[in-house]
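What follows is a short report on a single structure.
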There are 2 protein chains.
Amino acid sequence: MVSCKIDQELNELSIRTGNACVGFNLRKTSRLLMRLYDQAFKPIGLKGTQFSLLMAVAGYKDATIGELSQPLCMERSTLSRNIAVLQKKGLVTIEEGEDRRQQRIRITDSGVSVLQEALPLWQGVQESLAGELGEERITNLLKDLHNLSQLLKEK
Amino acid sequence: MVSCKIDQELNELSIRTGNACVGFNLRKTSRLLMRLYDQAFKPIGLKGTQFSLLMAVAGYKDATIGELSQPLCMERSTLSRNIAVLQKKGLVTIEEGEDRRQQRIRITDSGVSVLQEALPLWQGVQESLAGELGEERITNLLKDLHNLSQLLKEK
DNA sequence: CTTTAATATAAGTATATACACATATTAATT
DNA sequence: AATTAATATGTGTATATACTTATATTAAAG
């Protein structure tokens, strides 16, 4: 039957496509890796994503939602909600700027101290990855990700 | 003041860490790329993630949630919900297996025809990436992602 | 100075994700 | 056969993500 042939083709195609698809593989690896970070940060009640965001808040001082959204490549509405989670945990404050449309985000003392606890945990994951995958492969991967995201940012 | 020094250190550290963090960069690139796929699939009302999942359903015939969850590296509960979205769209069916705990997932005719529309759209993105980033870099990235996910699966 | 346009953020809606726990079903033990 | 253990999936809860739309504020045009 023709339908069986089409099915068979689709069957093989789907496997090939899954292997070749940058999006699928990026996302799949992301799922696996984020679970590892989440485990590592569990003792201090943080998620991997929250660690990243808190680090960004620490790095870009008194930034607005819009300013933060650019280096993070995150939708402002998404960022707004993610910041609210950190605020609820008492790790950042949100204050109205001179321009009263803007909200300026600042890390709290509690946020700094959580970061100080988090850093060695992050480093543990990072070193474990470097150890098992090799420093060079990590560097390579980071370079490739950087190239790809640069390219995508221009769209 | 001491606190200023600490702040300054944290400031620089956060930038360095952001650049070096595999998790952050993987996720950031993922965000950017998935937006591109979502745009591409928009004409047929599909998201990038849904395309991947539907392809997997087509590839692993009559698979259960548990069986699908392994190659996708996705939590079974997550998969369960994602499959429900495809079912709501009429793209897959969910039927009780011989073992009545299991649910067997099957692509529908409508699902096949959506996939056939989706494939050229996917290919468009894939070729655009290969064109702009270079075939070799794509291959390299895929290899690195594969290595990393293999490593993470063993944890 | 008033109206209009631009900008910054939040809220509404939908999906993706995972962990912990609950439920149903099958397999294993005694 | 009855009880217990293992397995497959779904639900509750919380967060992450983005698009669209709403709201408030500032800037620009007239």
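The model shown is predicted, which means the values in this text are computed figures rather than measured ones. Order of the sequence lines sets the chain letters (A, B, ...), proteins ahead of strands, with each chain counted from 1.
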May I have the distance from [X] (atom [atom1]) to [N] (atom [atom2]), rounded to whole angstrom?
X: Met74(B); N: dT15(C); atom1: CE; atom2: P; answer: 15 Å
X: Glu67(B); N: dT9(D); atom1: CD; atom2: C1'; answer: 13 Å
X: Asp38(B); N: dA14(C); atom1: CG; atom2: C1'; answer: 12 Å
X: Glu98(B); N: dT25(C); atom1: CD; atom2: P; answer: 15 Å
X: Glu75(A); N: dA8(C); atom1: CD; atom2: P; answer: 14 Å
X: Arg27(B); N: dA18(D); atom1: CZ; atom2: C1'; answer: 13 Å
X: Leu53(B); N: dA16(C); atom1: CG; atom2: P; answer: 8 Å
X: Gln102(A); N: dT7(C); atom1: CD; atom2: C1'; answer: 9 Å

(message) With a 3.5 Å distance limit and no angle check, can you tell me whether Ser52(B) reaches the backbone of Phe24(A) through a side-chain donor-acceptor pair?
(response)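 No.
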Under 4.0 Å from OP1 or OP2 of [N]: is there any side-chain N or O of [X] that close?
X: Arg101(B); N: dT9(D); answer: no
X: Arg76(B); N: dT7(D); answer: no
X: Lys42(A); N: dC19(C); answer: no
X: Asn82(A); N: dT15(D); answer: no
X: Gln39(A); N: dA18(C); answer: no
X: Thr64(A); N: dA8(C); answer: no

(request) With DNA chain C as reference, determine whether Arg31(A) or Gln103(A) sits nearer its 5' end, using the nearest nucleotide of each. (result)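 Checking each residue's closest nucleotide, the 5'-ward one belongs to Gln103(A).
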(request) Using the closest heavy atom to pick a nucleotide of DNA chain C for each, name whichever of Ser80(A) or Cys73(B) lands nearer the 5' end. (result) Ser80(A)
So what does [X] hit on the nucleic acid, given a heavy-atom distance under 4.0 Å: a base, only sugar-phosphate, or nothing?
X: Met34(B); value: nothing
X: Lys89(A); value: nothing
X: Ser77(B); value: base
X: Thr49(A); value: sugar-phosphate

(request) Just compare dA18(D), dC19(C), dA16(C) and give me whichever is closest to any side-chain atom of Thr78(A). (result) dA18(D)
(request) For the side chain of Arg100(A), starting at C-beta, report the closest nucleotide among dT25(D), dT13(D), dT26(C). (result)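 Among dT25(D), dT13(D), dT26(C), the one nearest the side chain of Arg100(A) is dT25(D).
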(message) Rounded at 0.5 Å granularity, tell me how far CD in Glu135(B) sits from CD1 in Ile138(B).
(response)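 So the gap between those two atoms works out to 7.5 Å.
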(request) Hey, could you give me the CG/CG distance between Leu46(A) and Leu91(A), rounded to the nearest 0.5 Å? (result) 6.5 Å
(request) Answer yes or no: are there more than 12 heavy-atom neighbours, outside Lys89(A) itself, under 6.0 Å from its atom NZ? (result)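 Above 12, so yes.
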(request) Evaluate whether atom CZ of Arg76(A) has more than 12 neighbouring non-hydrogen atoms of other residues, nucleotides or ligands under 6.0 angstrom away. (result) no
(request) With DNA chain D as reference, determine whether Lys88(A) or Asp99(A) sits nearer its 5' end, using the nearest nucleotide of each. (result)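 Looking at the nearest nucleotide for each, Lys88(A) comes out on the 5' side.
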(request) By nearest nucleotide on DNA chain D, pick out whichever of Lys47(A) and Arg35(B) is the more 5' one. (result) Lys47(A)
(request) Sort out for me which residue in Gln102(A), Gln103(A), Arg101(A) forms a side-chain hydrogen bond (donor to acceptor under 3.5 Å, both in side chains) with Asp99(A). (result)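 It is Arg101(A), the one option of Gln102(A), Gln103(A), Arg101(A) that forms the side-chain hydrogen bond (donor to acceptor under 3.5 Å, both in side chains) with Asp99(A).
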